[in-house]
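Hydrogens, waters and symmetry mates are skipped; everything else that's a heavy atom, side chains included, is used.
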Amino acid sequence: MIALLTPPAMAQDAANPFQSFPSISTPQKMPKLNSFNPVLPGEATEGATLKDVKLEALLKEKGDPVEQGLTWRVFSPIPGSDGKLPLVATSEGGTAAFQLVPGEYFVNVAFGRAGATRKIRVPETGNADMQVLVLDAGGVMLNAVSGSDVRIPPNELSFSVFSSDVKEDGERALVVADVKPDTVVRLNSGTYHVVSNYGSVNAVIRADIQVEAGKLTEATIQHRAAKLTLKLVSEPGGEAIADTAWSILTSSGDVVSESVGAFPTLVLAEGDYTAIARNDEKIYQRDFTVKAGVNTDVEVLLEEKGAQAASANIDAQD
């Protein structure tokens, strides 16, 4: 099922659109570049003069330098005894400056899940040139509503971001999991496949979202689902009866949820269902329909006739 974006994904051109919201900023790691055994420049070449090297990163070509949220790593190009490139220096923030012994290095800059790597040369004579790395990165901030405009509580909503490419086994590579609403995910530009989960049963929506370099894309996904509270009652509007076991079946007879309690709450995708309540060795049931964005109570009446009919249906299915 393809998601609707309400409103359509919007790109912001503010000078720094990534400052106002919490962000996911775990640095992207380079393959086999996770050694943190420092090699001090002064020990690498005896008597060598250290050179000042300044590094800055842009989100896009001809953009402004990124002023915060960067993680810089400088690696020696000569593998250590473990086969990994030794880490020479690190810095966090915006533009970085290092003092390095003349020679070659790998420089990696990470901006959340986005990153860029370059091999640089520090000259033995003269000044080192400013090194500018283009991240080709932007951000996405996700949210969702139920129905046309019913806001979903943030603690009941989560997103996972996947690569748009489908592998041979039919799966997609996971980029970041369990993203909360109103959180900026920093990513390289491109198309990503987003999966939105409302609750923990079957309210799942998927959408493809485009991330543009230098821009923050805000996307609101529309869930066709609602939150329901189940109650076994002796009369309409009556008090819920405790110690009730519940099963929720789809119109095709598949069980999508099981729980125990007087009034369990769950989120279901739009559609037709049957609620089966078991209490005091008797079974009661009721058919009901979920409408997108209409949160309501589903009451199952405690009636002897209903219990007998439900028992007969269960026996027939067995």
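- Looking at S146, its side chain does come within 3.5 Å of a backbone N or O of A225 through a donor-acceptor pair.
- The distance from atom OG of S158 to atom CG of N197, rounded to the nearest 0.5 Å, is 4.5 Å.
- The closest donor-acceptor contact from the side chain of D169 to the backbone of E171 lies under 3.5 Å.
- In this structure, S247 and R278 have side chains that are in contact, with non-hydrogen atoms separated by less than 4.5 Å.
- The number of heavy-atom neighbours closer than 6.0 Å to CG of N127, taken from other residues, nucleotides and ligands shown, is 12 or below.
- Judged purely by distance below 3.5 Å, without hydrogens or angles, the side chains of N108 and T117 pair a donor atom with an acceptor atom.
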Derivation of the side-chain contact (heavy atoms from CB on, under 4.5 Å) call for Y192 and D208 = CA-CA 6 Å; Y192 294 86; D208 288 333; over 6 Å; no
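- Listed for the R186 side chain is no donor-acceptor partner under 3.5 Å among the backbone atoms of G139.
- Linking ILVMFWY residues whenever their side-chain heavy atoms come closer than 4.5 Å, directly or via other members, places L268 and L232 in the same cluster.
- Between V145 and T220 there is a side-chain heavy-atom pair separated by less than 4.5 Å.
- Cluster membership check: V161 does not share its hydrophobic cluster with V166, using side-chain heavy-atom separations under 4.5 Å among Ile, Leu, Val, Met, Phe, Trp and Tyr.
- Using modelled atom types, one side-chain atom of W246 and one backbone atom of G261 make a donor-acceptor pair closer than 3.5 Å.
- Rounding to the nearest 0.5 Å places OG1 of T250 at 7.5 Å from OH of Y273.
- Although no hydrogens or angles enter the test, the distance criterion places no donor-acceptor pair under 3.5 Å between the side chain of K60 and the main chain of K215.
- Contact of the V66 side chain with the F111 side chain is registered, since non-hydrogen atoms from C-beta on lie closer than 4.5 Å.
- Pairing each heavy atom of R172 with each of F162, the nearest pair is O-CD2, 3.7 Å.
- F288 CZ to L228 CG: the interatomic distance, rounded to the nearest 0.5 Å, is 5.5 Å.
- The CG atom of L85 sits 6.5 Å away from the CZ atom of F106 when rounded to the nearest 0.5 Å.
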request  = Determine, step by step, whether Y284 and L302 satisfy the side-chain contact (heavy atoms from CB on, under 4.5 Å) criterion, reporting the C-alpha distance in whole Å, the side-chain angles of both residues, the deciding distance to 0.1 Å, and the verdict.
outcome  = CA-CA 7 Å; Y284 310 85; L302 188 69; 3.1 Å; yes
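- Residues A144 and H223 approach most closely at CB-CD2, 3.8 Å, considering heavy atoms.
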task = Could you please spell out the steps behind the salt bridge (Lys or Arg N to Asp or Glu O under 4.0 Å) verdict for K227 and E156?
result = CA-CA 10 Å; K227 183 189 297 185; E156 298 175 4; 2.6 Å; yes
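- For the pair V194 and I221, the minimum side-chain heavy-atom distance is below 4.5 Å.
- Taking each heavy atom of Q285 and V300 in turn, the nearest pair found is N-CG1, 4.0 Å.
- Between E104 and R121 a salt bridge is recorded (basic side-chain N to carboxylate O distance below 4.0 Å).
- Side-chain contact annotation: R73 with S91, donor-acceptor N/O pair under 3.5 Å absent.
- A heavy-atom distance below 4.5 Å is not found between the side chains of V101 and V122.
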key: From CA spacing to verdict: side-chain contact (heavy atoms from CB on, under 4.5 Å), L187, V175   = CA-CA 9 Å; L187 300 165; V175 177; 3.7 Å; yes
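- Salt bridge status for K291 with E270: absent, with no side-chain N to carboxylate O gap under 4.0 Å.
- Side chains of I209 and T191 form no contact here, defined as non-hydrogen atoms less than 4.5 Å apart.
- Put simply, L87 and I78 are part of two different groups of oily side chains (I, L, V, M, F, W, Y) that touch within less than 4.5 Å, one to the next.
- Contact record, L58 with G63: CD2-O, 3.5 Å, taken as the closest heavy-atom pair.
- The two residues A173 and K167 make their nearest non-hydrogen contact at N-CE, 4.3 Å.
- Residues V256 and L266 are members of one and the same hydrophobic cluster, defined by side-chain heavy-atom contacts under 4.5 angstrom among Ile, Leu, Val, Met, Phe, Trp and Tyr.
- Using modelled atom types, one side-chain atom of D82 and one backbone atom of K84 make a donor-acceptor pair closer than 3.5 Å.
- Here D178 pairs with K180 in a salt bridge; the nearest charged N to carboxylate O distance falls below 4.0 Å.
- The environment of D297 atom CG is dense: over 12 non-hydrogen atoms of other residues, nucleotides or ligands sit within 6.0 angstrom.
- Of all the heavy atoms in V53 and A128, the pair that sits closest is CG2-CB, 4.0 Å.
- Side-chain N/O atoms of E212 and S189 include no donor and acceptor closer than 3.5 Å.
- Counted by atom type alone, N143 and D182 present one or more donor-acceptor pairs between their side chains at under 3.5 Å.
- Distance check: I248 CD1 to T274 OG1 gives 8.5 Å after rounding to the nearest 0.5 Å.
- Rounding to the nearest 0.5 Å gives a distance of 9.0 Å between CZ of R151 and CG of L157.
- At least one side-chain heavy atom of S196 sits under 4.5 Å from a side-chain heavy atom of F159.
- Between the side chain of N279 and the backbone N or O of A242 there is at least one donor-acceptor pair closer than 3.5 Å.
- Under the 3.5 Å distance criterion, the side-chain polar atoms of W72 are matched with a main-chain donor or acceptor of G94.
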ask   = Taking it one step at a time, do L55 and V109 satisfy side-chain contact (heavy atoms from CB on, under 4.5 Å)?
value = CA-CA 9 Å; L55 306 166; V109 59; over 6 Å; no
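- A donor and an acceptor atom, one from each side chain of H193 and S163, are nowhere located under 3.5 Å apart.
- Under a hydrophobic clustering in which Ile, Leu, Val, Met, Phe, Trp and Tyr are joined whenever their side-chain heavy atoms come within less than 4.5 Å, directly or via other members, I120 and F98 fall into the same cluster.
- No donor-acceptor pair under 3.5 Å is formed between the side chain of R224 and the backbone N or O of I205.
- Taking the side chain as every heavy atom from C-beta outward, L174 and S160 approach each other to under 4.5 Å.
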